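Have a look at the structure below, then the notes.
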Amino acid sequence: PQHSYVPDAPNEISNRRNHLAGNLSLQHELQVLDIVNILLTEGALTPRFRARFGLQTADRITVRFIRMSRELQYSLDYPSKLSRLGPHIDRLIADGEAQGAAFLAELDGPQPTQEPQLETLTNGADRARTERPS
C-alpha cells in the first residue's frame, strides 16, 4: 500500500523497514517475469531456448494477487504480526476467505476483450507490475 504518513515511532519505523525488506525478493521475481514476458512478446526466445529453461509455452506469464481488505490492512500494526490470539487469527482467516471468494468470482466473470491492464503499486519498493483480470 501507499503509506499516507512518515513513520516516526520506533515500532512504526521497524514495521516499515520490515515491510520494504520483505518485498525485495518478491519484487525481483516480478521484474524477472516482466523481462521474460517482454522476451516472449518480442519472439526473442526460441522453442529450443524455452525448453532449456522449462518454459513449455510462448504465452505471457500472468501473475495475479489476492490481497487482504484495505480495512484489515490498515488496522494491522507491527505487534499484530506476532499475535497468535484466536480472535486475531480468525479475523485474518475470515478476511482471506472473503478476498479469495471475490478473487475467484472475478476470474469466473466475463473475460476482458482488451489487453489486461497493468497495475503499478506506487510505494517505492512495492513497485510491481502485474496483469490482473478486468
Side-chain angles (χ1 to χ4, degrees):
Q2 182 165 355
H3 298 279
S4 59
Y5 67 95
V6 175
D8 55 6
N11 66 330
E12 292 172 343
I13 293 169
S14 178
N15 190 34
R16 182 78 57 87
R17 184 191 72 232
N18 288 338
H19 178 252
L20 293 172
N23 283 330
L24 290 177
S25 62
L26 172 62
Q27 298 310 310
H28 175 72
E29 294 296 327
L30 291 172
Q31 288 172 348
V32 168
L33 289 175
D34 278 342
I35 291 168
V36 169
N37 280 336
I38 290 168
L39 294 172
L40 288 169
T41 300
E42 297 293 325
L45 302 179
T46 65
R48 182 175 173 215
F49 185 84
R50 288 194 318 269
R52 180 175 164 197
F53 292 98
L55 291 172
Q56 302 295 321
T57 180
D59 295 334
R60 292 178 53 86
I61 300 165
T62 301
V63 178
R64 295 180 174 96
F65 293 91
I66 300 176
R67 292 186 171 84
M68 71 178 69
S69 67
R70 287 189 183 263
E71 177 185 333
L72 179 60
Q73 183 177 2
Y74 291 119
S75 73
L76 299 175
D77 57 8
Y78 185 72
S80 71
K81 292 180 180 184
L82 307 174
S83 174
R84 295 182 181 177
L85 296 174
H88 175 67
I89 300 298
D90 291 342
R91 185 172 74 140
L92 295 174
I93 291 171
D95 190 74
E97 289 173 345
Q99 296 303 315
F103 176 85
L104 292 174
E106 188 174 331
L107 286 179
D108 290 339
Q111 296 300 311
T113 57
Q114 60 184 1
E115 282 288 315
Q117 295 180 358
L118 292 180
E119 176 181 356
T120 303
L121 303 177
T122 57
N123 180 17
D126 285 346
R127 295 182 60 210
R129 291 177 304 182
T130 61
E131 290 181 292
R132 60 182 172 139
S134 298

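This one's a predicted model, so the numbers in the text were calculated from it and none came from an experiment.
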Checklist entry - How about T57 and R50: do any of their side-chain heavy atoms sit closer than 4.5 Å? => result no
Checklist entry - With side chains defined as the heavy atoms from C-beta onward, is the minimum distance between S75 and R91 less than 4.5 Å? => result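 Of all side-chain heavy-atom pairs linking R91 with S75, at least one is under 4.5 Å.
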Cluster check [X], [Y]: I/L/V/M/F/W/Y, side chain < 4.5 angstrom:
| X | Y | result |
| --- | --- | --- |
| I61 | L30 | yes |
| I93 | L104 | no |
| I13 | L76 | no |
| I66 | L72 | no |
| I35 | L26 | yes |

Under 3.5 Å, side-chain donor or acceptor atoms of residues 38-49 against the rest of the protein: list the pairs with distances, not counting sequence neighbours.
unit_1 : atom_1 : unit_2 : atom_2 : d
T41    : OG1    : N37    : O      : 2.8
T41    : OG1    : R60    : NH1    : 3.1
T46    : OG1    : F49    : N      : 3.1

Could you tell me the separation between the [atom1] atom of [X] and the [atom2] atom of [Y], rounded to the nearest 0.5 Å?
| X | Y | atom1 | atom2 | value |
| --- | --- | --- | --- | --- |
| S14 | E12 | OG | CD | 11.0 Å |
| D90 | L85 | CG | CG | 10.5 Å |
| H28 | L33 | NE2 | CG | 10.0 Å |

Next on the checklist: Test: side chain to side chain donor-acceptor pair (under 3.5 Å). Region: residues 93-104. Which pairs qualify, not counting sequence neighbours?
Outcome noted: S69-D95
Checklist outcome for this item: When every non-hydrogen atom of H88 is compared with those of S80, the smallest separation belongs to NE2-O, 3.0 Å
Item to check | side-chain contact (heavy atoms from CB on, under 4.5 Å) between R64 and L107, worked out | outcome: CA-CA 10 Å; R64 295 180 174 96; L107 286 179; 3.6 Å; yes
